[in-house]
K.L.:
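First, the structure itself, so that you have it in front of you.
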Protein chains: 2
Amino acid sequence: MTDSPRQRPMRADARRNYERIVAAAQEVFAADGAGASLEEIARRAEVGSATLHRHFPTRRSLLEVVFHDRVEALCARAREHAGRSAPGDALIAWLRDLNIYAAASRGLASSLLRDGRDTDLLQENGDCRAMITATAGDLLHRAQQAGSLRAGVQPEDLLALVNAISLATEHHRDDAQANRLLDLVIDGIRLPH
Amino acid sequence: MTDSPRQRPMRADARRNYERIVAAAQEVFAADGAGASLEEIARRAEVGSATLHRHFPTRRSLLEVVFHDRVEALCARAREHAGRSAPGDALIAWLRDLNIYAAASRGLASSLLRDGRDTDLLQENGDCRAMITATAGDLLHRAQQAGSLRAGVQPEDLLALVNAISLATEHHRDDAQANRLLDLVIDGIRLPH
DNA sequence: CAGTAACCGGAGAGCCACCCCATTTAGCAA
DNA sequence: TTGCTAAATGGGGTGGCTCTCCGGTTACTG
């Protein structure tokens with residue numbers, strides 16, 4: 001599913017380096033955040049920096065690959081919630097998942113969300129962004145149709161806010177504040193009933 | 001020597017350079033955002049980069065000075081609102097001011113808010129941060145005492161959220177979204193009555 | 001077991017923040 | 001006014017970053 005070798009398959013050494021880079025990036029991004037040094041990643045992967053830049057022309061393209069799996073897991077989780085709970089509750093439960101994920105990944109989500117100005121990038125492979133926006137949109141739509149949510153809220157708003165909460169609380173590692181803020185946001189989008 | 005612990009006034013040339021740097025920083029930060037090149041600022045101020053670094057040992061210390069005036073204006077505005085409107089309305093009106101300010105200053109506010117990890121910096125001169133936190137705390141406290149706001153919300157939460165909104169919407173310059181998000185937040189903190 | 005296209009990575013260009021220290025200069029006192 | 005001294009300066013160095021070029025290497029194919 002993820003592998004579609006309709007293009008010419010990668011040469012063995014290329015694929016090996018590609019995977020070493022992704023593995024190294026996983027470690028380094030987790031340790032230093034999304035702004036980590038790409039050269040450090042190349043160094044840890046024992047690969048020339050040119051090789052890294054050839055495989056991943058932008059920082060974002062690397063982040064995209066590194067977090068693809070986690071984002072997929074998050075979307076799967078959304079489907080679970082949708083099949084198990086009432087629409088409004090499903091959305092809220094998923095927002096909590098998203099919040100935890102965002103806190104755990106040190107503002108990485110924000111790097112994926114952002115960079116809307118690089119329009120090429122977006123259409124080229126806004127894969128994670130597209131997946132997660134679609135997921136949020138789906139849950140949101142259901143909740144709104146079920147009448148448990150105010151109208152006018154956009155999927156991007158939710159992502160932006162959760163992302164924002166993680167950004168805002170990131171530096172002083174305050175999960176209590178993050179939860180408080182999420183509760184605020186949830187109360188804001190819920191219809192008084 | 002020991003009987004005059006008072007700081008000497010700046011030498012005239014030092015003061016001149018200091019002011020040139022601040023003026024240049026104002027332009028450059030406005031144009032390129034808070035991450036702008038410090039060397040470019042020194043260049044535009046026609047000053048050696050060492051001089052810039054001596055006057056402002058960190059990027060943050062420069063931002064601090066550059067935005068001191070605007071932050072003061074914002075706090076003054078808070079006092080106006082407090083003297084004119086009901087506590088809950090005053091807070092909300094001020095949040096809207098804050099939102100506009102944050103949007104206008106291209107994530108600069110966020111740079112001031114953040115960096116809580118540099119603990120030295122905070123106590124050394126968290127001037128803007130302290131001012132604005134105190135202001136938010138004051139308005140919030142009044143509103144809570146007047147019963148128009150849910151309890152448990154912290155001043156930092158409000159700042160974090162508004163800051164967050166500006167961060168989240170910054171890159172695609174969408175004032176409509178920013179306003180929508182702020183409305184959400186306001187509805188979240190307001191008590192249903 | 002070649003021949004060739006794909007791939008590699010060292011080296012280098014052009015940024016940047018930050019620091020060292022020889023030189024200049026403001027301000028004061030005689 | 002003049003000379004002294006501490007304060008202030010800024011050119012240039014260090015080391016780090018991103019990103020590119022290109023001569024050498026290597027995996028696949030026929």
Side-chain angles (χ1 to χ4, degrees), chain A residues 3 5-25 27-29 31-66 111 114-115 117-118 120-121 124, chain B residues 1-25 28-29 31-66 111 114-115 117-118 120-121 124:
Chain A
D3 268 12
R6 65 218 179 283
Q7 282 225 341
R8 201 188 294 96
M10 250 181 181
R11 234 172 67 170
D13 54 346
R15 160 138 246 116
R16 193 168 49 81
N17 280 336
Y18 180 95
E19 272 154 16
R20 292 176 72 100
I21 291 170
V22 172
E27 293 173 24
V28 176
F29 281 145
D32 301 348
S37 158
L38 297 181
E39 238 174 35
E40 169 62 24
I41 292 173
R43 230 174 282 129
R44 189 171 306 204
E46 290 173 339
V47 145
S49 72
T51 299
L52 186 151
H53 284 285
R54 196 171 335 98
H55 283 299
F56 304 99
T58 66
R59 174 182 299 274
R60 192 175 191 279
S61 63
L62 180 51
L63 283 169
E64 195 85 44
V65 171
V66 167
S111 307
R114 121 177 311 126
D115 289 342
R117 23 189 172 190
D118 295 347
D120 315 315
L121 279 183
E124 170 195 319
Chain B
M1 301 286 174
T2 46
D3 56 355
S4 62
R6 179 180 57 97
Q7 266 203 48
R8 274 185 211 197
M10 250 180 181
R11 236 171 66 169
D13 53 346
R15 159 136 250 116
R16 195 169 46 81
N17 280 336
Y18 180 97
E19 273 155 15
R20 293 175 72 101
I21 291 170
V22 172
V28 176
F29 281 145
D32 302 347
S37 158
L38 297 182
E39 241 172 34
E40 168 62 23
I41 291 172
R43 228 174 284 131
R44 189 171 306 205
E46 289 172 338
V47 144
S49 69
T51 299
L52 186 149
H53 284 284
R54 194 169 339 97
H55 283 299
F56 305 98
T58 66
R59 175 182 297 274
R60 191 172 193 280
S61 62
L62 180 51
L63 283 169
E64 195 86 44
V65 171
V66 166
S111 306
R114 117 175 314 126
D115 288 342
R117 17 188 178 193
D118 296 348
D120 315 315
L121 278 182
E124 170 195 320

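A, B, ... follow the sequence lines: proteins, then strands. Residue 1 opens every chain.
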K.L.:
Can you check whether S37(A) has a side-chain N or O nearer than 4.0 Å to OP1 or OP2 of dT18(D)?
P.N.:
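Yes, within the criterion.
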K.L.:
Please give, in whole Å, the distance from dC19(D) P to L52(A) CG?
P.N.:
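Whole-Å distance recorded here is 10 Å.
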K.L.:
OP1 or OP2 of dC21(D) less than 4.0 angstrom from a side-chain nitrogen or oxygen of H53(A), does that happen here?
P.N.:
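False: H53(A) side-chain N/O out of range (4.0 Å or more) of dC21(D) OP1/OP2.
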K.L.:
Heavy atoms only, 4.0 Å cut-off, all strands: where does A12(B) land among base, sugar-phosphate and nothing?
P.N.:
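It contacts sugar-phosphate atoms only.
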K.L.:
Within less than 4.0 Å of OP1 or OP2 of dC28(C), is there a side-chain N or O belonging to R11(B)?
P.N.:
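Checking R11(B) against dC28(C): no side-chain N or O falls below 4.0 Å of OP1 or OP2.
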K.L.:
So what does A14(A) touch, heavy atoms closer than 4.0 Å: a base, only the sugar-phosphate, or nothing?
P.N.:
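Answer is sugar-phosphate: A14(A) comes under 4.0 Å of backbone atoms only.
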K.L.:
Measuring to OP1 and OP2 of dA8(D), would you say a side-chain N or O of N17(B) lies under 4.0 angstrom away?
P.N.:
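It does not, given that no N or O in the side chain of N17(B) lies less than 4.0 Å from OP1 or OP2 of dA8(D).
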K.L.:
Quick check on DNA chain C: between R59(B) and R54(B), whose nearest nucleotide comes earlier from the 5' end?
P.N.:
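Its nearest nucleotide lies further toward 5', so the answer is R59(B).
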K.L.:
Set out, in order, the CA-CA distance, both residues' side-chain angles and the distance that settles side chain to side chain contact (heavy atoms under 4.5 Å, CB included) for E19(A) and M10(A), then state yes or no.
P.N.:
CA-CA 12 Å; E19(A) 272 154 16; M10(A) 250 181 181; over 6 Å; no
K.L.:
Mark yes or no for whether R15(B), through its side chain, and P9(B), through its backbone, hold a donor-acceptor pair below 3.5 Å.
P.N.:
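No, R15(B) side chain to P9(B) backbone: no donor-acceptor pair under 3.5 Å.
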K.L.:
Looking only at non-hydrogen atoms, find the nearest pair between A24(A) and I41(A) and report the distance.
P.N.:
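Heavy atoms of A24(A) and I41(A) come nearest at CB-O, 3.6 Å.
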K.L.:
Rounded to the Å, how far apart are R16(B) CZ and dT25(C) C1'?
P.N.:
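R16(B) atom CZ is separated from dT25(C) atom C1' by 11 Å.
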K.L.:
Can you measure E40(B) atom CD to dC15(C) atom C1' for me and round it to whole angstrom units?
P.N.:
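The answer, rounded to whole Å, is 12 Å.
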K.L.:
Without swapping roles, check the side chain of R44(B) against the backbone of A23(B) for a donor-acceptor pair under 3.5 Å.
P.N.:
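Not at all, since once roles are kept as given, no pair shorter than 3.5 Å links the two residues.
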K.L.:
For G35(B) and R59(B), work out which heavy atoms get closest and say how close.
P.N.:
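Closest approach of G35(B) to R59(B): C-NH1, 3.4 Å.
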K.L.:
Rounded to the nearest angstrom, tell me the gap between atom CG in L38(B) and atom C1' in dC18(C).
P.N.:
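It works out to 10 Å between those atoms.
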K.L.:
Rounded to whole Å, please give me the gap between NE2 in H55(B) and C1' in dG10(D).
P.N.:
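Spelled out: NE2 on H55(B) to C1' on dG10(D) is 12 Å.
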K.L.:
Grab the CD-P distance between E39(B) and dC17(D) for me, whole Å please.
P.N.:
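That distance rounds to 17 Å.
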K.L.:
Which whole-number value in Å describes the distance from Y18(B) OH to dA7(D) P?
P.N.:
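For the pair Y18(B) OH and dA7(D) P, the rounded distance is 19 Å.
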K.L.:
Rounded to whole Å, how long is the line connecting atom CG of L62(B) with atom C1' of dC16(C)?
P.N.:
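Taking CG of L62(B) and C1' of dC16(C), I get 16 Å after rounding.
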K.L.:
When you check the phosphate oxygens OP1 and OP2 of dC17(D), does a side-chain N or O of R43(A) lie under 4.0 Å from one of them?
P.N.:
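For R43(A), the contact criterion (side-chain N or O under 4.0 Å from OP1 or OP2 of dC17(D)) is met.
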